[in-house]
Amino acid sequence: KRSRDQMIIDAGQKHFGAIVCKSCSMIYTAGSPEDEAQHIQHHERFLEGLRYVGWKKERVVAEFWDGKIVLILPNDPKYAVKKAEDVREIVDNELGFKQVSLSCPAKTKVYLFVSNEKMIVGCLVAESIKQAFRVLSEPGAVPSSGQDALQHHRAWRCSTEPEPAVCGISRIWVFGPKRRKGIARHMVDTVRSTFMYGCYLSTNEIAFSDPTPDGKLFATKYCQT
Ligand code: ACO
Ligand code: ZN
């Protein structure tokens, strides 16, 4: 280990230290040939997993100038369900969910945002629920950034009184370079209009489960507007 560190120093690289890839979110050491090679391998596998080939009879539930949203249901053909599962795995990996199984796969709806370049740049997993516990705001106690936020991000206080809800969003994810362009907003709007046939769900009827700091910022903003 020490000799490798030494090598990095001796090589006199311009870029040093730990880098988080904005696309595949792998942390690697710039200037370390071994790390960089590993990153390239992981990066390409990651992008490959997000490639969307498509299929006949895909269920397009919304279209936008920059892409479309495809809905996959549990009884769809195997290849469609498989694609949804593969993408969910990539998302879980990035969110740090390790082998969290869905509470009920038969009730799960997966929404994929597919860009015009045929790449999956957004994924939302929605499940039927009956009730939810509201996240309580903690004035002044919200860790803003850094390690503190990472360690405490699953520690929001929740109310003990269940409230009725219809749709639980168990995962929402947007490809790093495509964030803050309204893709998550488009996906949640689409869930609200298509999750239950014939009605548009209010923001009170949808619940975000176990949100990350990003997820909480998005949900707070979304539910206000
Ligand atoms: N910080 C502050 N405000 C934010 C953030 C953020 N990181 N993300 C969204 N918002 C707010 C903004 O007000 C934004 O509007 P603006 O850009 O005009 O200011 C508004 O929400 C709408 O944002 P979108 O562009 O629709 O959101 P985006 O497509 O970037 O996706 C998401 C948001 C899904 C949370 C994305 O940041 C992401 O994938 N993060 C990593 C994965 C993750 O943490 N997912 C949530 C897990 S929790 C769960 O799955 C239940
Ligand atoms: Zn990468």
Side-chain angles (χ1 to χ4, degrees), residues 4 8 11 13-54 58 62-72 79-80 82-100 110-126 144-147 149-151 153-154 169-191 208 210-219 221-222:
R4 201 181 74 182
I8 296 168
Q13 298 279 346
K14 266 192 257 163
H15 306 286
F16 276 107
I19 291 191
V20 184
C21 177
K22 287 195 175 71
S23 296
C24 73
S25 73
M26 178 173 161
I27 303 168
Y28 65 99
T29 312
S32 156
E34 205 179 299
D35 259 34
E36 287 192 346
Q38 236 175 49
H39 168 237
I40 288 170
Q41 204 183 11
H42 177 263
H43 193 96
E44 274 165 10
R45 208 179 303 141
F46 182 88
L47 292 186
E48 181 59 30
L50 296 178
R51 217 157 56 94
Y52 181 81
V53 179
E58 60 182 17
E63 278 182 292
F64 307 94
W65 67 271
D66 54 347
K68 62 184 172 187
I69 296 177
V70 176
L71 169 61
I72 297 154
Y79 45 84
K82 171 83 165 53
K83 188 69 198 175
E85 270 170 13
D86 289 351
V87 174
R88 186 173 64 83
E89 229 166 77
I90 291 171
V91 170
D92 280 3
N93 204 11
E94 190 176 325
L95 289 172
F97 292 2
K98 289 275 142 61
Q99 289 169 332
V100 186
V110 178
Y111 294 79
L112 300 178
F113 192 105
V114 180
S115 74
N116 293 337
E117 295 78 39
K118 294 212 160 277
M119 187 177 163
I120 296 160
V121 296
C123 172
L124 187 158
V125 180
S144 54
S145 64
Q147 199 53 34
L150 284 177
Q151 272 165 11
H153 76 262
R154 295 277 155 76
I169 294 175
S170 73
R171 287 151 184 88
I172 181 165
W173 166 91
V174 171
F175 181 54
K178 298 283 186 188
R179 285 179 197 162
R180 303 302 292 270
K181 295 177 192 295
I183 289 177
R185 182 178 287 281
H186 280 328
M187 289 196 295
V188 180
D189 287 345
T190 304
V191 168
F208 294 84
D210 202 10
T212 59
D214 273 356
K216 196 162 184 270
L217 287 164
F218 167 75
K221 178 74 183 181
Y222 182 90

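Values reported hereafter were calculated over all heavy atoms of this structure, with side chains retained and with hydrogens, waters and symmetry mates removed.
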key: Intermediate values then yes/no, side chain to side chain contact (heavy atoms under 4.5 Å, CB included), Val70 and Tyr52   = CA-CA 11 Å; Val70 176; Tyr52 181 81; 3.7 Å; yes
Let me have the donor-acceptor pairs involving side chains of residues 110-124, under 3.5 Å, with sequence neighbours excluded, atom names and distances please.
| from | atom 1 | to | atom 2 | distance (Å) |
| --- | --- | --- | --- | --- |
| Tyr111 | OH | Thr194 | OG1 | 2.9 |
| Ser115 | OG | Glu117 | N | 3.2 |
| Ser115 | OG | Glu117 | OE1 | 3.3 |
| Ser115 | OG | Met119 | N | 3.3 |
| Ser115 | OG | Met119 | O | 3.4 |
| Asn116 | OD1 | Gly67 | N | 3.4 |
| Asn116 | ND2 | Trp65 | O | 3.0 |

Could I get the full list of side chain to side chain contact (heavy atoms under 4.5 Å, CB included) partners for [X], not counting sequence neighbours?
X	value
Ala80	Trp55, Ile72, Asp76
Ser25	Glu94
Glu85	Val81
Arg51	Glu48

**Report entry** Phe175: ring pair (Phe, Tyr, Trp, His ring centres under 6.0 Å) partners, not counting sequence neighbours
**Finding:**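 Phe175: no ring pair (Phe, Tyr, Trp, His ring centres under 6.0 Å) contacts found.
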Once ring pair (Phe, Tyr, Trp, His ring centres under 6.0 Å) is applied, do any residues pair with Tyr28, and if so which ones, sequence neighbours excluded?
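For Tyr28, the residues satisfying ring pair (Phe, Tyr, Trp, His ring centres under 6.0 Å) (neighbours in sequence not counted) are His39.
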Can you measure from [atom1] ([X]) to [atom2] ([Y]) and round to the nearest 0.5 angstrom?
X	Y	atom1	atom2	answer
Ile27	Ile19	CD1	CD1	11.5 Å
Thr190	Leu71	OG1	CG	10.0 Å
Asp35	Met26	CG	CE	6.0 Å
Thr212	Arg171	OG1	CZ	12.0 Å
Leu95	Trp173	CG	CH2	9.5 Å

Please check if the side chain of [X] supplies one atom and the backbone of [Y] the other of a donor-acceptor pair under 3.5 Å.
X	Y	result
Glu36	Ala30	no
Lys83	Gly49	yes
Arg185	Tyr222	no

If the condition is salt bridge (Lys or Arg N to Asp or Glu O under 4.0 Å), which residues does [X] pass it with, not counting sequence neighbours?
X	result
Lys82	Asp86
Asp189	none
Lys178	none
Glu58	Lys68

Q. Of the non-hydrogen atoms in Phe46 and Ser23, which two are nearest, and what is the gap between them?
A.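 Closest heavy-atom pair between Phe46 and Ser23: CE2-O, 3.2 Å.
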* Please say which of Ile183, Val191, Val91, Val188 ends up in a side chain to side chain contact (heavy atoms under 4.5 Å, CB included) with Ile172. =>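 With Ile172 as partner, side chain to side chain contact (heavy atoms under 4.5 Å, CB included) holds for just one option, Val188.
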Check your understanding: Should the ring pair His186 and Phe64 be called parallel, tilted or perpendicular, given that the plane angle runs from 0 to 90° and is split at 30 and 60?
Key ->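 Correct class here is parallel.
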>> Checking Ile40 against Glu44 for the side chain to side chain contact (heavy atoms under 4.5 Å, CB included) test, could you report, in this order, the C-alpha distance in whole Å, the side-chain angles of both residues, the deciding distance, and whether it holds?
In response: CA-CA 6 Å; Ile40 288 170; Glu44 274 165 10; 3.9 Å; yes
ask   = Given the rule in the side chain to side chain contact (heavy atoms under 4.5 Å, CB included) test, do Ile169 and Met187 qualify, once you have shown the distances and angles that lead to the verdict?
value = CA-CA 11 Å; Ile169 294 175; Met187 289 196 295; over 6 Å; no
